[in-house]
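Right, one structure below, let's go through it.
Nothing here was measured: the structure is a model prediction, and the numbers come from that model. Just so it is clear: chains get the letters A, B, ... in the order the sequence lines come, proteins before strands, and each one is counted from 1.
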Protein chains: 2
Amino acid sequence: MARPERRTVRDVRRGNRGMLLRTLYFDGPASRHELTGLTGLSAATISTMTGDLLADNIIVEAGQVDSDGGRPRVLLRVNPAYGYVIGVDVAETHVRVELFDLEMTEKARVDYSLRPSHHDIELVTRRILAGIDVVLADGGVPADRVLGVGIGVPGIVERGQDTLIHAKTFGWDGVPLGALMRAGTSLPVFIDNGAKTMGQAELWFGAGRGAAHAVIVLIGSGVGATVVADGVVMRGSSNSAGEWGHTKIALDGRQCRCGGRGCLEAYIGAEGILDRAGVATRTTDWQAALGRVLESDSQVIEETVAYLGMGLANLINLLNPERILIGGWAGLMIGRDLLPGIRAAARANSLAQPCNATSIILGELGPDAVALGAATLVLEEFLDTSAPLRLHAAS
Amino acid sequence: MARPERRTVRDVRRGNRGMLLRTLYFDGPASRHELTGLTGLSAATISTMTGDLLADNIIVEAGQVDSDGGRPRVLLRVNPAYGYVIGVDVAETHVRVELFDLEMTEKARVDYSLRPSHHDIELVTRRILAGIDVVLADGGVPADRVLGVGIGVPGIVERGQDTLIHAKTFGWDGVPLGALMRAGTSLPVFIDNGAKTMGQAELWFGAGRGAAHAVIVLIGSGVGATVVADGVVMRGSSNSAGEWGHTKIALDGRQCRCGGRGCLEAYIGAEGILDRAGVATRTTDWQAALGRVLESDSQVIEETVAYLGMGLANLINLLNPERILIGGWAGLMIGRDLLPGIRAAARANSLAQPCNATSIILGELGPDAVALGAATLVLEEFLDTSAPLRLHAAS
DNA sequence: CGTGCTTAGTTCAATACGTGAACCTATAGT
DNA sequence: ACTATAGGTTCACGTATTGAACTAAGCACG
């Protein structure tokens, strides 16, 4: 019931220009002629619009295709060097900053490790700002060619007047990261939950490409999900939609670190699996330990498949997605070995109609796509507005 | 990632006209001057647009408000008699057809009872078509002033080339109700699941008014939900989103009539509750029986609150709605007595952040709003397109 | 009673946009 | 050199919103 916004003729141009740019980005290179078919716009409009975009240097020519008996087609593509985007992954053990060109080719990266329980917000902010300077220097990119910085953080990102972050494990309770960043750089800053940015990455560049209704499930030590409805990441009323890990699958079930009982995460999160297998989670290398469990402990494997299948079935019934992607380091390990069983368990627990409409597959991007996804937030903004590069004061 | 459609200047007009009409529908009556503020459009545009709408007789003047020292404002409102909409509720025991004017005031209704297990599609179609003729005659409305017919049916409504309906309990497996209706009437027909149309009714005219992110939960003998994201009913990839009743809340739990185990419906559906209380569901009057259980059986009450709270908590975590409405005949009975407990249980099982953003309240429209919601499908189409009445051949 | 003030609503020129038709351009084949 | 063919551009036209100028309809006060 949200009423749509007023529109003017200029919005038409903005919208069509954005669509043209997206088309060229994902289906390009393409000739002007092909673009008429792909966008539905007339040849006249394509002509003037590509003229504008060429003049702005946002797109460039990309060779010719000669036809047999006719003027050759001039191919157009987005200019990957028009601008650059920065993605930041703020995680338990590190802060990673990556620089991408518009085609999301990585140009530079830098890692700062964080000591456990040293997640002081000032420290993290300093690391991010320093990282931005480093990747720009390493990549040889001047700050005024950067379209923005996307940051993926743990916890709940509250988008209000000021972006506030609530991350229990970091001891962050309403931390104003947005304001702190603006104090240190003039670049536009976009912040979101790391699981969501990762989902965004899979949706745009991974196994989720082209899906209008999808769920990207993330299993690591924690469990989360990115729900995509009508091609857009669902955020809910306070941007916390997608907290799938604390979905309850049993009354008075296993104790979860969130304080509750019976959370899905307590069963199929990496820690939960190891715990069920009787592995001491204090000191061990979790990844190796999980590998051993998945090789040997048939009891735990069976349970894991059952619980995960049930959780996915609930998503299928409630959301009716066309695709479910399983990602996260633990999710990829589990999925690699157990996908057929998981699919069967999901089928057994869901209704036939929506289940047949869904395919359950693994993510493509591996567990380190948080920064890529964060940078994608900037790219999304750019493709939508396709605004000529604003000049920011140097950071 | 669904790419937006091409737009032209005419789309701007269509969109703005629709917005103006919606504004007038929900916030009206209003003067032209007020409309500039409400819509964001300029006085000039409001002037020409209201002129068009007045000429089309879609809106009418509704008196004046004299200001102190200035030209009085002329109030405008949607013309409730411009057109009429028909809503149909196809249920287990009856087919109900209702005629509404544009303000959703009921003008006529007719009920046909269905004998159990007599849900032959031809019979139902004949009842609907006969009902349309009856309400038009009773209401004194000529067929060419009807904007369309909305039909709420049980089961899954598959929207493809032809609308197909899969309703196990009716023995309908891919029934082409849309095509059958078109064979009997030239009125535009809109079909959706009855739980969804009821949710739509609550969203537009009940306790859900103004909510952008909401879930309308329906508890009767079955259990369903309507998920609203960004003001739009979420449908998923094959229009079956919202199957909340068969969400699993326990591994190997209670047997459900869907064939699965541990479905929420098997615990908090009317039949599930009665069953847990040891009431024979074969012959009893369910409504009375449920009333007795809710008055006396503290064990069952406690469990019901726990399970429902858990189910709602999962919705809160996953979808982060600003409002959850509880409806359906059983839901209203349960909620009337147990709402505080349910709220507490939901809080106990969900994360603080999204839980604080949600209010859990009862539906306002009672259990019989399926036909109203179905008619709302037609109204929605009308407000969006605001097309001058198409002339249909008489039905 | 008429003059000025105030608020509501309309008209019009300016500007922006997409489109179809006419037109120009660049290749291959002959 | 000429023609066929296909790619791309230009321009008049219809449609859209808007700000500014303008008209309409009331009140207050002398």
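- Within 4.0 Å (heavy atoms only), B:T50 reaches no atom of the nucleic acid at all.
- In terms of phosphate contacts, A:S47 brings no side-chain nitrogen or oxygen within less than 4.0 Å of OP1 or OP2 of D:dT10.
- Between B:I46 atom CD1 and D:dA16 atom P there is a gap of 15 Å when expressed in whole angstrom units.
- Put simply, CZ on A:R73 is 15 Å from C1' on C:dA28, counting in whole angstrom units.
- Other residues, nucleotides and ligands place no more than 12 heavy atoms under 6.0 Å from the CD atom of A:E5.
- With A:N79 as the fixed residue, the side-chain contact (heavy atoms from CB on, under 4.5 Å) test singles out one of A:V60, A:D101, A:L102: A:V60.
- Using modelled atom types, no side-chain atom of B:T376 and backbone atom of B:L379 make a donor-acceptor pair closer than 3.5 Å.
- Rounding to whole angstrom units, CG of residue B:D11 and C1' of D:dT17 are separated by 15 Å.
- Here C:dG9 presents its P atom at 9 Å from CG of B:L35, a figure rounded to the nearest Å.
- Rounded to whole Å, the distance from CZ on A:R13 to C1' on D:dT17 is 17 Å.
- Using modelled atom types, one side-chain atom of B:E322 and one backbone atom of B:H213 make a donor-acceptor pair closer than 3.5 Å.
- Side-chain N/O atoms of B:N16 include none lying less than 4.0 angstrom from OP1 or OP2 on D:dA16.
- The CZ atom of B:R32 sits 14 Å away from the C1' atom of C:dT11 (whole-angstrom rounding).
- Distances from the side chain of A:V74 to the nucleotides D:dG8, D:dT9, C:dC17 place D:dG8 closest.
- Between D:dT17 and A:R10, no contact under 4.0 Å exists linking OP1 or OP2 to a side-chain N or O.
- We find that B:D11 and A:R7 are not joined by a salt bridge, their nearest charged nitrogen and carboxylate oxygen being 4.0 Å or further apart.
- Under the 6.0 Å distance and 45° angle rule, B:R77 does not count as a cation-pi partner of B:Y25.
- Note on B:D384 versus B:R22: salt bridge recorded, some NZ/NE/NH1/NH2 to OD/OE distance being below 4.0 Å.
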Spell out protein contact along nucleotides 18-30 of chain D as letters: B when the base is contacted, S when just the sugar-phosphate is, - when no protein heavy atom is under 4.0 Å; keep the 5' to 3' order.
BB----BBBS---

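- Following rounding to the nearest Å, B:R14 (CZ) and D:dG14 (P) show an atom-to-atom distance of 19 Å.
- For the pair A:E61 CD and C:dA26 P, the computed distance is 12 Å after rounding to whole Å.
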